[in-house]
Each structure stands twice: as structure tokens, then as C-alpha cells.
Peer 1: 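Here you go, one structure.
Within every chain, numbering begins at 1; the chains are lettered A, B, ... in the order of the sequence lines, protein sequences first and strands thereafter.
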Amino acid sequence: MTEDSTQPGAGSDSGSYPQGTAPSGTGGTVHPGPGREGADDLVRLVDHHGVRHPNRHYDALVADVDGAALQKLYEDMVVVRRIDAEATALQRQGELALWPPLLGQEAAQIGSGRALRSDDFVFSSYRENAVAYCRGVDLADILRVWRGNASSGWDPYTINMATPQVIIGAQTLHATGYAMGIINDGADSVAVTYFGDGATSQGDVNEAMVFAASYQAPVIFFCQNNHWAISEPVGLQAHVPIARRAPGFGIPSVRVDGNDVLACLAVTREALARARSGGGPTFIEAVTYRMGPHTTADDPTRYRDANELEDWAARDPLARIATLLDSLGLLGADYSDAVKAKADAVAAELREGCLSMPEPAPSDVFRHVYSEPNSWLERQQDHYERYLASFAPAPQEGTR
Amino acid sequence: MTEDSTQPGAGSDSGSYPQGTAPSGTGGTVHPGPGREGADDLVRLVDHHGVRHPNRHYDALVADVDGAALQKLYEDMVVVRRIDAEATALQRQGELALWPPLLGQEAAQIGSGRALRSDDFVFSSYRENAVAYCRGVDLADILRVWRGNASSGWDPYTINMATPQVIIGAQTLHATGYAMGIINDGADSVAVTYFGDGATSQGDVNEAMVFAASYQAPVIFFCQNNHWAISEPVGLQAHVPIARRAPGFGIPSVRVDGNDVLACLAVTREALARARSGGGPTFIEAVTYRMGPHTTADDPTRYRDANELEDWAARDPLARIATLLDSLGLLGADYSDAVKAKADAVAAELREGCLSMPEPAPSDVFRHVYSEPNSWLERQQDHYERYLASFAPAPQEGTR
Amino acid sequence: MSTMTFGRAINAGLRRAMDEDPKVILMGEDIGKLGGVFRITDGLQKDFGAHRVLDSPLAEAAIMGTAVGMAYRGYRPVVEIQFDGFIYPAFDQIVCQVAKLHYRTQGAVRMPITIRVPFGGGIGSPEHHSESPEAYFTHTSGLRVISVSNPQDAYTMIQQAIRSDDPVLYFEPKRRYHVKGEVDEAVDPASSDMGAAHVVTRGTDVTLVTYGPLVPTARDAAIAASDDGVSIEVIDLRSLAPIDFATVEASVRKTGRLVVTHEAAQSGGLGAEIAASITERCFDYLEHAPVRVTGFDIPYPYSKLEFHHLPDLDRILDGVDRALRRPNSLSGPETEGAAL
Amino acid sequence: MSTMTFGRAINAGLRRAMDEDPKVILMGEDIGKLGGVFRITDGLQKDFGAHRVLDSPLAEAAIMGTAVGMAYRGYRPVVEIQFDGFIYPAFDQIVCQVAKLHYRTQGAVRMPITIRVPFGGGIGSPEHHSESPEAYFTHTSGLRVISVSNPQDAYTMIQQAIRSDDPVLYFEPKRRYHVKGEVDEAVDPASSDMGAAHVVTRGTDVTLVTYGPLVPTARDAAIAASDDGVSIEVIDLRSLAPIDFATVEASVRKTGRLVVTHEAAQSGGLGAEIAASITERCFDYLEHAPVRVTGFDIPYPYSKLEFHHLPDLDRILDGVDRALRRPNSLSGPETEGAAL
Ligand SMILES: Cc1ncc(C[n+]2csc(CCOP(=O)(O)OP(=O)(O)O)c2C)c(N)n1
Ligand SMILES: Cc1ncc(C[n+]2csc(CCOP(=O)(O)OP(=O)(O)O)c2C)c(N)n1
Ligand SMILES: [Mg+2]
Ligand SMILES: [Mg+2]
């Protein structure tokens, strides 16, 4: 049910945005938005009223998601939203230099993140803290960069996730190369790369599709179209829905409601299965919305409508699952309390991890530039250490 | 009748390669070629037997092409093939350092080149000598670079064509920017950029499509898919026909028989009309074949089948028009003699221009690096001139 | 004369250039409605329209490549690179096209493109937001490179850069955007030469050469040193390619000692070129080898360590002491490591 | 011991590295069936398979970026850039990823990538085919840069580069590909240090430092000079980042004079770093300022003029004369222009 090169235009029949509320992406730009976006088919299993829509194709892919599993997905989303809020608070309190909130994108990240196997490998951008959570990251590690204590928070091999990429789009090539390595190893794991709508304009992302198609690499291009690239609306980057890009490279693609955690899980699983069985790459466009600022340094009121935000608040990814759980009698006080307790505990652990983070030593500035000895750097380090030592109080006679 | 974003897959019904002789582009590679290439619709008005096929849509665009005009197109192709042969000979004779033959691509270049208006602006690659011929280039100018006498042969503004671009794909962005300038000027001219099948893998070409779509720039992307990028077959660069790429960027595209000069003229005229009337960019894939080596330094027998070459020789762009003209009674001895005489004259002029090209002066090495005085360079030039002067025989007393 | 911030001065300069020449066009990410992440282009799209101030899609190579096309068409594009570390996707277009087209076409095609780059560190940002890539461009023939250190120069030199028929990289020291200064908006950009270095502080003992963000630091160092009886002549290069070596040479012939300081890594940095050129020109006048006080040969570090990387007043004074052969951090026996 | 061309020696070194380590993978344009436009990888795809010798689509950024991904997965990619002038689309991936990932991840991720770059001029090619971009990379922290000058080093050092856990730019002087030399294929790459400079010719009057394509020219200059009674010590740097300054320093302490020559443009070229560093280390030993004999600050010229750009034997000897304060092209009164 993916939009592939043999069936251009084919897509899921599971629902589409009603014309009136189509995310047009045209706010605040002189460029026409992707005009037909609202008419394009979108995979959706749970709508924003919390109604579960049956879907012949995708239901099979989430058949194992029973009530308990749905509760777990909801818990995940609550927890990562809480992590996001706590980190934002830490920034406001001066404990972090900067923070890129994922508010609104929980379903896209949890739905896809929970589909992965531990031996899959993720190459993400800077906003995928919920994916890192799914990978089992130590909580404090996601703050290290933003507190200014490191250029990356964790050892990528411990959770099979590269540390956040700041150069827009660069990581899509890393994922593709990694996936080429998977082929050579004869393994059946998959590389998954996350990037934004803005990133699709970068040469790197398009070249990654060329290489992925050429080598039939087991890589998933997971694009979170959150409608904004800082102040630039998606309509500036793409005149037609982003998912249509991939088939032109020979890569099947699918457009999914990025605020529907179940649908995100389903399409990611389908793509993973294709990749594992030698079917090559898949492109997923998760249509979602950045409800917060680009980062805590950004002021979105300068460039976007309050109305747009309101529209999207009505499609909140958490609220719809809460409604669904409620309708299934799965949102009882015990469960709700447990979820809240979990979120509280995670937030406390996050804060504690932040505040207790050890400070780097001056000499760390020279470490790990090279893995082998380097004469230039050793000389500089030696000079600098002698310089720092020159500030130490001179040894005094008669004292110990 | 173009493949656009609202009608993916739609194309001309005017003909397609018979399955058996489809240009598969798979020769000599471990990668599967564009499997369905043969099945994709291709605009063709004159087939390789010289038969003119009526086409409801495109006939109107070439309604003015009467017998005389057809004769002129044929003459153009004969002349540029002769230029190519003469330049190749000059290279073999040691008069040129290198030459990139266009043999086999005459129809694509003449058909498109003859569609342009003088105020349109061309940004080409290095192989578009026939386009330069259409623009009215001084013949010797196309050899300057290859003789090593200049980094570019002509003043772009005299013929409204940028000098050849060597960095693969870079010129597509220049064309797009130029077209953005056309919009700002309120003009109705068009920028046309030429590039190869290999170039479509470059980030620049894909980014150019993003910008062209975003600004609805009056630019034509004219891709000559000659099936090879040096030793790499097109199947390595693209798993599906290249023309399918553009609709994903919101750019209508069309696939044309690049060996059919009439069809190339027709699709280019259509694209020009769209651009002039504010309809934005068009992508044209002209399916053709590089019958010669990549350049005179290349040995294609190392990587491609003799059979493939033979197949394509049977689809020669000149032969089919000769047959058509003959069937129309337009290939009489007078005409043929005149064409031959013209080609001879052009070849002689080319050779003469090559051999009489003035040699550059040593100080030219410093000229035009900057348009304004530059102290670093002036000092170096001064030093070098004093150095050269030190070889001059010392003035002798008693002589004049 | 009015008092304005550094950032505001650039804005005013851009505005005047746009007022005077309809061919001046601004291109970049988020520069329109938002006015740029540093607000340098604030209000310009509103006043000049979206056809003169273009919010570009997120692709630096394309921004640069379309600027080349615009220049072909007779425009004078002013490109904003959002942060220093994001200029590299545009490197190919800068090095192979912007820098070479005039030479390639024997002067037929001009590339009057200005590339604005907020650069340098000290603002507590994550990776790629604090780099000093200027040496890549000063080594690229065909480009001019300038860096400004105060609001008046920022105002005047952005106009000079735009008026230049050669491509100009205009490096803006982002950590100084909020510094205020007097700006004479009536000044005629044609009345001064953007290629000339400025002697900021006169002195007789040591010549201290710098540019951009470290000019104020160097000035402070001169003040501190003078308390100590050392007279430093501070030179603000302003033009980094070409460098006004005549001014530096005249100073070093007087002082006999040269210290160069910049944030960029030492090896292959601009300090090397300055040391080499001045040694060539002033060898017989030098009392000591030119001293470089620079960032280390490391990727720009995370913010908790950045002030261990960036030259500051103390490190500059230590370098001055070295040039004067006064006691300094390297006095005494060299260690093993130091002899590498 | 066998006699082979420079190009063949690289091929043999690649073959041995691939034999010894299945993680070594070759990537690049036209390197498979064609064996590369210079035939350096000739026969390797046939012998090792298309999964180890990859013909890549035409996109340098992607070649480099996928090599990064391969390295993440434990491979040791060897990337061929077809010509020097085509490395720039990959610049972003090299500078921001290849060079920085080890530092960024605090040593967790290694980037044992070798980037082979046929470089330099003198082969009569059109634009972009004759450049010397090494200084961009020697200024980039996190990279190692080497250049080879003879078949034995070509053979040994390609293996050392591939074995290095740090990323290495390996610059091949393309105009020397056909030069023949003796190669001992039994040599153990671990037995020597790719960071060490080599003294090619011993001498006492002047130290002449170079690398890559100009090493044979420098050797010829030493021979010519000796006829003239001048004893030149020629040093082949081999490693350009870091440079083995200890070897150069020892030589200059002996000769008191330094000449550096390279094809790249002078301003900001490697010669500046060498002159600056050696002046720092040997100031009291120097009898004359270090002399640079380099390409000019121009885009690489078209082939009819390239030998007016490239340093040759005569220009090097003129530089040697300058260092010795013997009569030379710059003797006599400086002109106006020269004082710029
Ligand atoms: C190469 C590069 N250019 C510019 C930037 C500055 N920048 C950071 S985030 C961003 C917008 C990214 O938008 P999108 O890809 O949609 O991701 P989102 O932030 O919405 O998750 C920009 C322009 C950058 N980080 N890298
Ligand atoms: C950026 C860059 N990389 C590599 C090359 C070397 N190169 C020159 S032509 C060519 C193949 C181009 O193929 P295609 O785009 O199909 O054009 P064609 O030669 O077939 O006309 C290559 C790889 C180059 N010129 N520029
Ligand atoms: Mg976004
Ligand atoms: Mg081709």
C-alpha cells in the first residue's frame, strides 16, 4: 500500500485530512503551499477524535497491539512529552544553553522508534529525543550537548543510534552507507534515518535516495514533516507532498498521519520488513506539527499564525490515544496514576542527571581529536598546560 | 501531455521503444537497470525508420516545420556532426589536447537548441557544442578550451550561453538563479540548462529542482540521457526513468526520443511556452546515446558491449531524417550537395580557426583573476616579470 | 552620527545599499519574515518586498549557485549563511564558480556577490555554530575576504563589499553583534578603501595584528600592557585577502616584534600567512620570531570548554611577553613534548 | 624488489590491503570495470568483487557520506576522488563529519577512511583537473594528510593510510603516475612511520622542503646547484598534517636557510605554515627569511600557460639564490609594485 514507482499515486484509503483543515503549510509565505496536500492519501488508523478506523492492509501489521501494548505506547508518549517539558524548564532555569522541543511529534517518534529492533541503527537529527528514549538512552545523555558538556551525549554503539546530527541532512548519507555495510555483512538489520521537511531541500538527502536506490540498501528515510524549518513553512521547500519525491528515485514511499502513533508503528514495520527481506529502501513522510518553537532560542510568533497552532492542538497525538483508551475502558485511575508516576520519576531522574553532570577538565579540549598521537596537537597541549601552570601560585619556601 | 504532478505516469501516446530493443542501460553493471524503461511512454514524431507518426498534441507545436525547415534541421545535424568529426581529427593530430564528442546526440541538441529565442540563456555542460552552434558561436571559440588556449571560449553575453561547465551539475543552479532574475526583471525569456544522466545524481541538480519549483522559475532542465557517465551505465544512477524524478519536486516532465529532432523541437517549444507564460519549470529527458567515447582520452571498449553500440547505430538521428526527407522527395542531389558543401566549409573554417589561434602571453596568467586591483597578485606578477626578465640577454656595451 | 549596535549597523548598511541599487538582492535561510536568526535583515523584506529579500529553501549549495545565476543576470546578490559551520555545502559553488568565473570568462562575467558569514565563538552554542573558516577562503584565489570589528566599519564595509565587482566574503563576529558604537551614516563608502588595515592603537614595542572578534580583546590587551610599561600597536586587518601588508610591515619595521591572534586553528591559519609574509618583508628588522596566539588544532569544542580554546587577554599578553623575550609560559627549559 | 610505475605501486598496495583486511572497501566513480580514469584500481573489482570495489553514482558528497556510514559499521573505506577539483562537493562531509566524528563522539566512533586524491598539474588538462587543494585539509583539525613522491612510498603509505584509525587524505601526484621505480613489496607497513619526513638529498647550505610532484624537481635542483657549488638538503615531507617539523628544524639549524616549494597558491598555502613554524623554532639560526616558491594566487590556468604557474627547476634555483642572498630575480631595487 505504498506509493511506489509502479503505482504512482497509489496510497492508503484509510483517510485523509478533510479539505477544510488540510495542513496547507502556506502560512506566512509568498510561495503557494503544496496545494493538493489535503487531497493526498494518508495512512491513519486512529483519527483525532480517538476513533479507530479499520484498515485491511495495515491492521495486520499491528495485530499484536492489544490493550496493554496501546497503554505502553501512550505511556511512552506521556513520558517523552514530560522529558521535553522538563528539559525546556531546565533551559529556562539556565541549566541548559538550548533545547529543541519535540512537542507535537511524540507519535511520529514513538511509533517509529518502537518498531525497531535493537540491532537496527538510527541516524537522527537533533530533535529525536523520543527515538533516543526508545533506544534506551541514559536520560542525562540527551542533555549533555545542550548543557554544553559534550559534543555528543552517548556512545552510539551502546544503543545503536548515532548522536544527533546538526548539519541538516548529512545523516541520511551515513544511514545509507551503514545500510550498504549491512548488505555486505549479510545481516538483516536496517538503518533508519530521521530528518525534517526542511532537510528534503538539501542535496545530501536527495543523493542519499540515489545511493539507496542504486544499491537497494536496507534504509528507511523517516521524514517528520512538522510543517516548519525554523521560520520557513514546508510550502517553501516542497510544492507537492514530500512523499511523492521518493518514487522518482525508485523508492516506494508512504504518507502517514504523524500524529497517529499506531499508524506510524504500522508503516515503519512494513518498511522494516521490506528492508529485512531484501526489498530495499522506503521513504516515510510523517505529517505532524512542531507545536513549540524551533528551539528555546526561537520566537515563532514572529512568523506563524496562532490559529495554525490551535488547529493542530486539536489533532494532538496524545489526546487521541487517551480518548481511544478511555473508550476501551483502559484509562482507569490506576493506569493513569502509574503513567503519571513514571513520568514524574523520569523527569526527576533527568533533572538529577543534568544537575549532577560532571564538569569537563581543560585538557579534555585536546582529547579524541585523533585516535593516534599527533605531534602538532601534542605541542599545543604541552604549551597550553605550561601556560595554565603559570597561573598556579608559585611554590613558597617554608610551606609544605 | 507532460508527466506532471497531478497526473503521475501520464505521458504521450506517441510511441515507445519495442520491448526487445529497449535501451536498458544495464550493460556492464552489477546493478539492475531501470527495468521498466522500455515500457515508459516516449514522445516520438519520427521513428528510426524515418516514418513520421502523427501526434495530436505535439504536431501543433511543429506545424510550422515544413519541408524547408526540416531540411534546415537536417543540415544542422550534418554540420554539427562534421564539426565533431573535425574536432576529433584535430585532437588525433595533436592540435587539441582533448575533445568530448557529441556523436549520436545531434538531434537532442539541434532540436532543443533551434527552439530557443536569442534572449533565452543557456547553461550547458561540456558536450553541447551543437547547442553553441545554434546560438551562433564563432566556430574557433568552441575549440579554445580544448586546445588549452583558454578556460572558456566565448563571452557568454554575445550568444547568451554560458561557457561549458565542467563541474557536473553545477550549471543547473546557475540557470535556476538566472531564471529567478528573469522573474524579477518581468521578462519572458527562459533559462535552459543541459546536463547528462550521470549529473542527475548530484545534489546540485536536485537542489536546482527544489528552487525552480519553489520560485516557479522559467527554467528548462534538459537532460540528455546518453546512457553513460564515462564508464557508468545510467542504471547505476537511476532505477526508474529519469523523467519520473521531476514530478516529485512539483515539476512537470516529459520523456522524448532524443534521436528524433522533431520531437525534441516540439517538447522544448512546449516547455518554453509554459515558462514564458508563467508556468514555471519543465524537465525534459531526451533519451539518446553517446556513440563515441566519453572524450578522446576514453576507451569505451573497456566497459561496454559492441552490440549496444550497433543497436543504437540503427537509431541514428541523422539517418532517420534523411530517410524521411527522401520519402518526401527533399533529398535531391542539389540539396545534398549544398549540405555537404556547407559542412565542408564549416569544417575548414573550424580547422583554420584552430590552427590560427593566437598563443596567450605569459602575463595572461595573472589577468582577470580580479576585476579590481589586488595587492597580493600585483606583487606576484611584478616578481614573476622580474624573474622572466632575468632570462633576457644582458644588455651588451657597444651594441645598440 | 548615531549610536547603534553592530547588528543594527549591518542592517542599516544593507538598507542603504538596497535603496541605492535595485539590483541588490538578499538571499538566505529565514532572512525574510524572521529577519534572520540574528535579526540582521530585520524589516528588510517588509520594506523591500519578497522579490528583493528571499527566504531560500534549506540548501546552501543552491543558495550560492542561484546567486551565481543572479549575478550572471546582472544582480548583486547578498547571501546570508546562517552560521559559519553551514558554509561547507556551498564550498564547491564558492571555490569553483564564484571565485573562478571572472577568470574563466576572461572578465566577461562578473560575480559581485557578497557572502555574509556570522562567524567565531564565544556564544555558548553547540557544534558548527562557532567556527572560524576564513583561512579556507583567503587561500582561494579570486575571492576577497573582509572582517569587520566595529559598527562603523560594519556599516561602511558591507556597502563597499556590495559595490565591489569581485566576490567578497564578509565575516561578522557574531559575539559582538550587541556591541554598540557611533555610526556616521552619512559617510560615503567610496571615500575609503575596504582593503586598508587600520592602526587601532599606536605603540612602539610590539605589533599586535588581529581582526574581527578579537579586535576589542587586542585593544584591551594594549591597555593592560601599557600599565605594565609595554607599548603595543594594535592593527585591525579588516581585509584578510588581500592583506594590507604595507601597513603591517611599516609597523613591524618600527617595533621589530609581531604577535598575531585569531580564533581559528593555528596550523594553516591566517597567522601563518602573516608571519611568513612579514618575515619575508621585515627579516632584518625582526627581534624575535612572529608569535601566533590562536585557537588550537581541534574541532571547535563544546561550550563549557570554549574559553580554553579561544585566545583571551591573558593568552595574548603571554604571547606579547614571548615576543619581547620577557618571562612567559614558555620560558625555561623546553619539555620533551614541546620539542616535537 | 620489482620495478613498477607509481600508479601500479598504488594498485599493488591497495590489493595487499584488501587481501589482508576484508573490511577494506573501495568506492568511487568509474573505479570498477574501468579501473578508474587513471587505472589505479585496475583489476581490483574483477578480483575482489563488486561488493568490495564499488562504482558509485556521480555524487562526491554521497560517496563521502556513505563512506562515513560504512566506517560507522566497521568498514575501512578507501574513496577515490576522480580529480582534485571534484573534491569540493564532498567538502562538507569531510570537514564536518569525517574530520570531527571521533572528537564529537569522544572516541567512540572511528573514521578510518582513506581519501585518495590525484592532484597537481602539468598534464595539459582543462580546468578543475590540476589543482592542489591540500592546504584546505591541512588546516582542518581531525584529518591527517599525506602525499607520496615515489613508487615505494606510494606502495607502503597507501597501506599505512588504510591501517590508520584516523582519516587520511592521500594525495597522489598525477603527473608522476608513469614514473617507474623499485618497490620492495615485502616491506611491512608497520615497520615505518607515515608521519616522518625523509631527507632525500643531504646538503649543508640550504634546506629545500617539498612534497609530492615537486620532489623529483627539487632533487634535480639539488643536482644542478651542486654543479654550482651549492649544497642543498632536500626534504620530502611525506606527511603534510602533521608535518614532521623536527626533521625540518634539524636541517635548518644546520643550513640556516629554508626554501619551500609547492604547486598550490602561495597565500595561505602550506609554505606559509612551514615558514612560520620554522621561523618560530629556528629564529636564531636563520640567515635569511624562509623563501616560498609556489604557484601564484590564481585559479589554475589553462594548459598553454600552466608552466608559467608551476614552480620548475629554474624558479626553485632562483629561490635558492634568494635564500643565499646571491644575485637573483629580486636583486636590485624593488619596484613600486614589489613594495605592495
Ligand atoms: C547545513 C545546515 N544549514 C542550516 C542549518 C540551520 N538550521 C538548523 S535547524 C534548521 C531547520 C531545519 O528544519 P527541518 O529540516 O524541517 O527540521 P525541524 O527543525 O523542523 O525538525 C536550520 C535551517 C543547519 N543546522 N545545517
Ligand atoms: C563534480 C564532478 N565530479 C566528477 C567529474 C568527472 N566527470 C566528468 S564527465 C563525468 C560523467 C558525466 O556523465 P553525464 O552527466 O551522463 O554526462 P555525459 O558525459 O554523458 O554527457 C564525470 C564523472 C566532474 N567533471 N565533476
Ligand atoms: Mg521541520
Ligand atoms: Mg551521460
Side-chain angles (χ1 to χ4, degrees), chain C residues 60-61 85-96 99-100 103-104 127-128 133 135-142 241-243 245-246 249 264-277 279-284 286 288-292 295-301 339-340, chain D residues 60-61 85-96 99-100 103-104 127-128 133 135-142 241-243 245-246 249 260 264-277 279-284 286 288-292 296-301 339-340:
Chain C
E60 288 78 7
F86 308 144
I87 198 168
Y88 306 116
F91 201 72
D92 176 58
Q93 286 284 342
I94 297 174
V95 165
C96 297
K100 296 199 173 93
Y103 188 71
R104 179 177 307 149
E127 239 193 321
H128 312 290
Y136 295 131
F137 303 101
T138 55
H139 181 53
T140 303
S141 307
I243 288 172
F245 278 128
E249 181 177 339
Q266 174 170 303
S267 296
L270 216 52
E273 179 57 41
I274 297 166
S277 282
T279 303
E280 281 162 13
R281 291 161 180 254
C282 308
F283 186 71
D284 296 333
L286 281 176
H288 188 276
V291 169
R292 293 182 279 173
F296 302 118
D297 290 354
I298 59 174
Y300 197 88
L340 285 166
Chain D
E60 288 77 10
F86 308 145
I87 198 167
Y88 307 115
F91 201 73
D92 176 58
Q93 285 285 343
I94 296 174
V95 166
C96 298
K100 295 199 173 90
Y103 188 73
R104 180 178 306 150
E127 239 193 321
H128 311 292
Y136 294 131
F137 303 100
T138 56
H139 181 53
T140 304
S141 307
I243 288 172
F245 278 128
E249 179 176 340
V260 187
Q266 174 168 303
S267 296
L270 216 51
E273 178 57 41
I274 297 166
S277 282
T279 304
E280 281 163 13
R281 290 162 180 253
C282 307
F283 186 71
D284 295 334
L286 281 175
H288 188 275
V291 169
R292 292 182 279 172
F296 302 118
D297 290 355
I298 59 174
Y300 196 87
L340 286 165

Peer 1: Measure Thr279(C) against the heavy atoms of chain D and call it side chain, backbone, both or neither at under 4.5 Å.
Peer 2: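 For Thr279(C), the contact with chain D is made by backbone and side chain together.
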Peer 1: Are Glu273(D) and Glu273(C) close enough, and set up right, to give a side chain to side chain contact (heavy atoms under 4.5 Å, CB included), and what steps lead you there?
Peer 2: CA-CA 7 Å; Glu273(D) 178 57 41; Glu273(C) 179 57 41; over 6 Å; no
Peer 1: At their closest point, which heavy atom of Ser267(C) faces which heavy atom of His139(D), and how far apart are they?
Peer 2: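 Ser267(C) and His139(D) have their closest heavy atoms at O-ND1, 2.7 Å.
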Peer 1: Just so I understand: if I count every heavy-atom pair under 4.5 Å between each of Ala275(C), Ala99(C), Cys96(C) and chain D, which residue has the most?
Peer 2: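 Ranked by heavy-atom pairs under 4.5 Å with chain D, first place is Cys96(C).
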Peer 1: Salt bridge or not between Glu127(D) and Lys100(C)? Use side-chain N to carboxylate O under 4.0 Å.
Peer 2: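 Judged by the 4.0 Å cut-off on N to carboxylate O distance, Glu127(D) and Lys100(C) do not form a salt bridge.
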Peer 1: For each of Gln266(D), Arg104(D), His128(D), tally heavy-atom pairs with chain C at distances under 4.5 Å, and name the one with the top tally.
Peer 2: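 The residue among Gln266(D), Arg104(D), His128(D) with the greatest pair count is Arg104(D).
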Peer 1: Do you know which of Glu60(D), His288(D), Arg292(D) has the most heavy-atom pairs with chain C at a distance under 4.5 angstrom?
Peer 2: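 The residue among Glu60(D), His288(D), Arg292(D) with the greatest pair count is Arg292(D).
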Peer 1: Hey, are Tyr300(D) and Ser141(C) close enough side-chain-wise for a donor-acceptor pair under 3.5 Å?
Peer 2: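 Tyr300(D) and Ser141(C) do not have a side-chain donor-acceptor pair below 3.5 Å.
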Peer 1: Pick one of side chain, backbone, both or neither for Pro301(D), based on which atoms fall under 4.5 Å of a heavy atom in chain C.
Peer 2: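 Pro301(D) touches chain C through backbone and side-chain heavy atoms alike.
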Peer 1: Hey, does Leu286(D) have a side-chain heavy atom less than 4.5 Å from the side chain of Phe283(C)?
Peer 2: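 Yes - at least one pair of side-chain heavy atoms lies under 4.5 Å apart.
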Peer 1: Nearest 0.5 angstrom please: Asp92(C) CG to Phe91(D) CZ, how far?
Peer 2: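 Here the rounded value is 11.0 Å.
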Peer 1: Just so I understand: if I count every heavy-atom pair under 4.5 Å between each of Val291(C), Thr138(C), Asp284(C) and chain D, which residue has the most?
Peer 2: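 Highest number of pairs under 4.5 Å: Asp284(C).
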Peer 1: Indicate yes or no: at least one non-hydrogen side-chain atom of Thr140(C) is less than 4.5 angstrom from one of Tyr136(D).
Peer 2: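 They are in side-chain contact.
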